[in-house]
Amino acid sequence: MHVELTIKTLIEKALKQMPLDTWPDVEIEVPNDSTHGDFATNIAMKLARVLRKAPLVIAETLVANIPENSVIKHIEIARPGFINFHVDKRIYRDVIQKILAAGSDYGASTLGEAQRVNIEFVSANPTGSLHIGHARGAAAGDALARIMQKAGYDVTREFYVNDAGNQINQLVRSIDVRYRQQLGESVTMPEDGYHGAEIIQLAQKIIEQHGKRFLTEAGTNYFRKFGVDHLLAALREDLETFRVHFDVWFSEATLYESDAVKKTIDQLKTAGHTYEQEGAVWLKTTDYGDEKDRVIIKSDGSYTYLVPDIAYHADKLARGFEQLIDILGGDHHGYVPRLKAAIQMVGGQEHALEVELLQMVKVLQNGEELKMSKRSGKAITLRDLIDEVGVDPIRYFFAMRSLNTHMELDLDLALKESNENPVFYAQYAHARIASILRNAAEKSLSPSLDKPYQFETLQSDKVLELLAVLADYPATIERAAQKRLPHKVTQYIQRLAQAFHAFYAAEMVLSDDPLATEERLVMLHAVKIVMQDALELVGVEAKERM
RNA sequence: GUUCCGGUAGCUCAGCUGGAUAGAGCGACAGCCUCCGAAGCUGUAGGUCGAUGGUUCGAGUCCAUUCCGGAACGCCA
């Protein structure tokens, strides 16, 4: 049980002494100003109205009822009715042993109750390379997945492959154009074709393997398979390099092959969620809060893209997932209400689907905004970013921002190997610890970690502050997972690094006092474990040297 | 015209279920290496939380109106 929870429990016990019918939730917060204590509660103010007494009076009664304990050093009451708790920081010494015993499991919890969660993200069409928007999605989705896993959710990472729709026909046409162009024909790429360089490379490969045969012979089927296979393989490879691994690659085409699409339509019709108008079949999404009804079968008999999407989400539910999380680009916000409506029509609960929208990334280089152009195929690819900047800064930079914020990516900044670049601050802390431990080992100062240390030498404010940050790790993970806020973890990393650097600057680890040296080394082991684990959660490498 | 997102320090961004004197990093300025990695540490300056009105004991946070920036409004995907 962490300290926050302990205090909450103590307050709840005190509350039971009060003449109340219902007991309100006890909120514990960490005051901005440390002179207001380590934790505080506003419970007295919340009760003021119910009890019809002044908050300060209520606070006094409450404080008097708080049981004896070893956690709280002293309590003070402050206007207009806060109760501030100053914790005896020596209790934080326990955290070291906890961390050493748990290792990389420290911070894990059962919050998620093994709930089966499907996180779908990236899901880029196999029609080109991944660009910067996908990179944000990949970093955000994977970080969220790792964090939720740590918090006890049973997470599946899923990539939906749009290999059946119109865009694939477009891909085939584009490959065909590039193929002919390289064999000397003067054909031009249509406006809505795929202009990326990777399509040219595909055409080249086809020529290497098959020469001119598709000038006379129909190449459509071959182009489709060849294109999708190669582009998908490239996506997968780039994502793996980016340290993002998907558990499931779900093909849209299989939804047609298994008749799932047709079954979905039948189900919707039978349940009375559809009607015909002007030769088309409409879905009554307005029944579930959408702005207007949507067409699912066009008057020419073909399906709109909504149909396979419904079948797909129904399939996820059928596979037993209790919570679906879609991470989409912000430009799809208009799509969310109809998708949520549809999910309810195929038997899902209203909250079964949760959509996290990622806003646009504005890319700056040399102080100017880089505009992307689909027509020219000019876009910053994930591959470019990895080659030029490296995985660590990109992943960290994306993980630093809350999902739903518009963000700016300054390439010059990300490229800088300096303290302007926040990822180095954290990695440097880790490398510094590693360095100290190496030095200690050279001097044969490798303490056995399972000795029953009392940590009496750990007294200074800097040390106790560092321990307090370590102790806060589990609560941070839970908050980040529950509220889907991966950036809480990068904020934590900054806090931990800051607390360590401040300690490091203030006192020597390796000193003349053998016991103090030993206990501090043991503490550093614990800091290193947590730092590495936190970095791992956002997909960043913890370096031994840099 | 409707809908969604954003507007908080010079810059990039946090700010939880409405709580105390609105925070962090970077940048600026001033200090700190006879000592385990100075990619570090310590300190200072910097704010009408886009604007107006409302609800509340209390509003960056909730409501209404409005301004600015981004995005979406198809029998395209």
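Residue numbering restarts at 1 for every chain, and letters A, B, ... go by the order of the sequence lines.
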For nucleotides 69-72 of chain B, give me every protein contact, N/O to N/O, under 3.5 Å, one pair per line with atom names.
{"unit_1": "B:G69", "atom_1": "N2", "unit_2": "A:His406", "atom_2": "NE2", "d": "3.3"}

How far does the [atom1] atom of [N] sit from the matching atom of [M], given to the nearest Å?
N: B:C41; M: B:G10; atom1: P; value: 24 Å
N: B:G7; M: B:U48; atom1: C1'; value: 15 Å
N: B:U56; M: B:C75; atom1: C1'; value: 50 Å
N: B:C16; M: B:G6; atom1: P; value: 12 Å
N: B:G70; M: B:U65; atom1: P; value: 23 Å
N: B:A45; M: B:G27; atom1: C1'; value: 13 Å
N: B:G47; M: B:C11; atom1: C1'; value: 14 Å
N: B:U42; M: B:A71; atom1: P; value: 42 Å

Establish, with yes or no, whether the OP1 or OP2 oxygen of [N] is under 4.0 angstrom from a side-chain nitrogen or oxygen of [X].
X: A:Arg432; N: B:A38; answer: yes
X: A:Lys298; N: B:A77; answer: yes
X: A:Asn439; N: B:G37; answer: yes
X: A:Lys462; N: B:C41; answer: no
X: A:His487; N: B:G15; answer: yes
X: A:Lys362; N: B:U12; answer: no
X: A:Thr405; N: B:A14; answer: yes

Between A:Arg338 and A:Tyr335, is NZ or CZ placed under 6.0 angstrom from the six-membered ring centre and within 45° of the ring axis?
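No.
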
If you check every side-chain atom of [X], which of [options] has the closest atom?
X: A:Glu278; options: B:C75, B:A14, B:C36; answer: B:C75
X: A:Glu291; options: B:U2, B:A39, B:G37; answer: B:U2
X: A:Phe424; options: B:C16, B:A39, B:C75; answer: B:A39
X: A:Met546; options: B:A38, B:A39, B:A77; answer: B:A39
X: A:Ser299; options: B:U42, B:A39, B:C75; answer: B:C75
X: A:Thr304; options: B:C13, B:A14, B:C75; answer: B:C75
X: A:Ala502; options: B:U12, B:U42, B:A38; answer: B:U42
X: A:Asn166; options: B:C76, B:C13, B:C36; answer: B:C76

Tell me if the centroids of the rings in A:Phe159 and A:Phe250 come within less than 6.0 Å of each other.
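No - the distance between ring centres of A:Phe159 and A:Phe250 does not fall below the 6.0 Å cut-off.
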
Taking only residues two or more places apart in sequence, or in another chain, which ones meet A:Glu257 in a side-chain contact (heavy atoms from CB on, under 4.5 Å)?
A:Ala253, A:Thr254

Side chain of A:Asn84, base of B:A20: donor and acceptor closer than 3.5 Å?
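Checked by distance alone, the answer is yes.
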
For a quick check, tell me whether the side chain of A:Tyr428 and the base of B:A39 share a donor-acceptor pair closer than 3.5 Å.
no

Pull up the glycosidic torsion of B:C33 and say syn or anti, syn being anything within 90° of 0.
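For B:C33, whose glycosidic angle is within 90° of 0, the conformation is syn.
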
Partners meeting side chain to side chain donor-acceptor pair (under 3.5 Å) with A:Asp392 (sequence neighbours left out)
A:Arg243, A:Gln427

Hits for salt bridge (charged side-chain N to carboxylate O under 4.0 Å, His left out) against A:Asp163, two or more places apart or cross-chain, chain-then-number order -> none

Nucleotides 24-35 of chain B: protein proximity per nucleotide (B base, S sugar-phosphate only, - neither; heavy atom, under 4.0 Å)
--SS-------B

In whole angstroms, how far is the P atom of B:C16 from the CG atom of A:Leu485?
10 Å

Atom CG of A:Asp472 and atom C1' of B:C16 are separated, to the nearest Å, by 13 Å

Any salt bridge linking A:Lys340 with A:Asp326? Criterion: basic side-chain nitrogen under 4.0 Å from a carboxylate oxygen.
no

Residue whose closest nucleotide on RNA chain B lies nearer the 5' end, A:Ala40 versus A:Gln167:
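So the residue in question is A:Ala40.
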
Which side-chain hydrogen bond (donor to acceptor under 3.5 Å, both in side chains) pairs, counting each pair once, include a residue from residues 494-503 of chain A, with sequence neighbours left out?
A:Tyr396-A:Gln494, A:Arg432-A:His501, A:Asp472-A:Arg495

